[in-house]
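Input: a single structure, listed below in structure tokens.
No hydrogens, no waters, no symmetry mates; every other heavy atom, side chains included, goes into these values. What you see is a predicted model; the values in this text were computed from it and never measured.
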2 protein chains.
Amino acid sequence: MKRSRIPLHALRAFEAAAETGNLTRAAETLGVTHAAISYQIRLLEDHLGLALFERRMRPMQLTDAGQRLLEGTRGGFDRIAHCLDDLKEEEDYAGELSVVSVPGLGGNWLTSVLGEYVSQFPKVTVRMITSPWHRQTEFEPSDFSIVYGSAEQSGRRVTLLGQTSFFPVCSPSLPIAGNRYPDPRDMLNYTLIHEYNTDTWSRWYMACGVEPFAGTRRIYFDGAHLTLHAARAGTGIAMADLPTVAADLKEGRLVRLSDLTVPATHPYYITTPPLGRLKPAAKALEDLAVRRFRQIEAE
Amino acid sequence: MKRSRIPLHALRAFEAAAETGNLTRAAETLGVTHAAISYQIRLLEDHLGLALFERRMRPMQLTDAGQRLLEGTRGGFDRIAHCLDDLKEEEDYAGELSVVSVPGLGGNWLTSVLGEYVSQFPKVTVRMITSPWHRQTEFEPSDFSIVYGSAEQSGRRVTLLGQTSFFPVCSPSLPIAGNRYPDPRDMLNYTLIHEYNTDTWSRWYMACGVEPFAGTRRIYFDGAHLTLHAARAGTGIAMADLPTVAADLKEGRLVRLSDLTVPATHPYYITTPPLGRLKPAAKALEDLAVRRFRQIEAE
DNA sequence: TAGTTAGTGTAAGTCTCGCTTACAGTATGT
DNA sequence: ACATACTGTAAGCGAGACTTACACTAACTA
């Protein structure tokens, strides 16, 4: 069969479905909806003119032809996947990778991304520094760094990571955490945890249409990691963005108090050395980071 | 590597390019433009973060990584392609296939399609009949048939093949064949070869904006294959459509005399037994026929 | 056997990304 | 130096992969 006419996407969908006997499960592993799988399999069956699945029963059974096809595709794709994996084990994906990040994303989100990264590229040794000085000048230039705000930097390659937006969070131990999405006015009875040099709280209340807070308790910290630490400890209510607190929310250390968000004043950027000196390993990290960021945004 | 992230199209493009060391050639084999290949390879190199080709020299040389990748992908795709081919060799693609066609397309175009078909499905024995009686009723119902005009038929599955359009052709031996796209008025000095029960010639002259021919010689035949036979023999000028005369034009047996075409009054349809009794082999022939028809239309 | 849950089928509409077009740039041959 | 043959790349288009939404069917539960 001519290469140009092999329905690759359809075969991939078929393989996933055949392995589980369950379109929904298959769809999840490929990161699409069940309808997409159904569509592709229909296409493939139509192309071959024969049935690949026995659909009377559940879980779906492969027909003879389906069984045969599964062996072929699995073998083929495995071969390709291994080859691709091997390429990633080479020198290009070995050695050291110096990573610098601003504390906000760096503290929590980036560490989890790096966790996935090192398991995917076991031969890369990552050295990470978080530093609020996002200008690269005073450091030995890093292989990969995340900066906040303006990113133009002498001779470094810049790609947009994305923009976050803020919403109030607090410890589940505070009484107000009980009612889902309480009235913003009620939140004024708690300590509002601020970060120095930001106006996130006031912008948020403005967006709510609530009068600026007058006599509420406030406390100021130097950096988002500290405000969140305080929030977790039950000190009061802090503003947070999704990437930094996604894990906290999921594991119940923090509770989100509103649907309403205000955008960060600046986006995050990734900077790397220019194309000539860009390490493949850094590019791979960039891809992963961007993907994970999008993923969180989508939720 | 997770299946969902294998860039299959990019790998296919890479494989084609790596095999020839020539993007243009690779593009041809995949039936796309060189830019498409270039784009996909760029994507792949970018995804992996490393160069696959050494581009200083021509033909392009694979890098080490490229070499490795080629082995993997070639192996993988070969495996899949073989598996797919095997599936086509099974009972589903064996046995007899009865094909019925109206003479127009059947005479020339369909035979060439069938030629390709049998080389692709060697185990299928094709029995073809051309018959102007495109109603199926009096025959043992065929596995695959091409009809002209209205296609509604008791219980058969119908798919549109396409609509042709007509233009004048003649033998290269006629003097008028010398000048490319002569004045339609000059053509009136030759015998106009007609097919019974069609008004193609008069519709064509109407489309030209030329007065209906008065005292020109005419000759009538029963069926397009006869008109074309006469045209090839130098009898005069006949009307023909692209599928039927594509080979004649390419091989110089006929010359096209005008850019202007008039559409056929009806489209061609393919009919097969309904889904339950549709043979996979017939479906495959249908796919091939439709593809080849589109291809000619595109030229 | 009726209700419930988990899954598949499928039509309609959306949007991505693979592709073409068009042109500039770069090797190789004469 | 010119011609030829190929590659690189930006801009824009369109097919088709995908999502959404709902109908439907199988398999459990009681």
Check: The side chain of T33(B) lies closest to which of these nucleotides: dT20(C), dT7(D), dG18(C)?
Finding: dT20(C)
Check: Are the side chain of T63(A) and the backbone N or O of L52(A) linked by a donor-acceptor pair below 3.5 Å?
Finding: yes
Check: Which one, dG9(C), dT20(D), dA22(C), comes nearest to the side chain of R42(A)?
Finding: dG9(C)
Next item on the list: Identify which nucleotide among dT20(D), dT20(C), dA17(D) has an atom closest to any side-chain atom of Y39(A), counting heavy atoms from C-beta outward.
Entry: dA17(D)
Next item on the list: Please determine if a side-chain N or O atom of S38(A) lies less than 4.0 Å away from the OP1 or OP2 oxygen of dG9(C).
Entry: yes
Margin query: Tell me the interatomic distance from R55(A), atom CZ, to dG9(C), atom P, rounded to whole angstroms.
Written below: 5 Å
Check: Tell me: CD of E28(B) to P of dC19(C), nearest whole Å?
Finding: 16 Å
Note to self: Return whichever of H9(A) or N22(B) has its heavy-atom-nearest nucleotide of DNA chain D closer to the 5' end.
What the structure shows: N22(B)
Checklist line | Spacing of I37(B) atom CD1 relative to dT7(D) atom P, expressed in whole Å | finding: 10 Å
Next item on the list: Rounded off to whole Å, could you give me the CG-to-P distance for the L44(A) and dG9(C) pair?
Entry: 14 Å
Next item on the list: Can you figure out which of dT10(C), dC18(D), dT20(C) approaches the side chain of A35(A) most closely?
Entry: dT10(C)
Check: Want to settle it: does A36(A) or R25(B) sit nearer the 5' end of DNA chain D, counting the closest nucleotide to each?
Finding: R25(B)
Check: Would you find more than 12 non-hydrogen atoms of other residues, nucleotides or ligands less than 6.0 Å from D287(B) atom CG?
Finding: yes
Check: So, the side chain of R12(A) versus the backbone of I6(B): is there a donor-acceptor pair under 3.5 Å, distance only?
Finding: yes
Next item on the list: Take atom CZ of F53(A) and atom P of dA26(D), then tell me their distance rounded to the nearest Å.
Entry: 17 Å
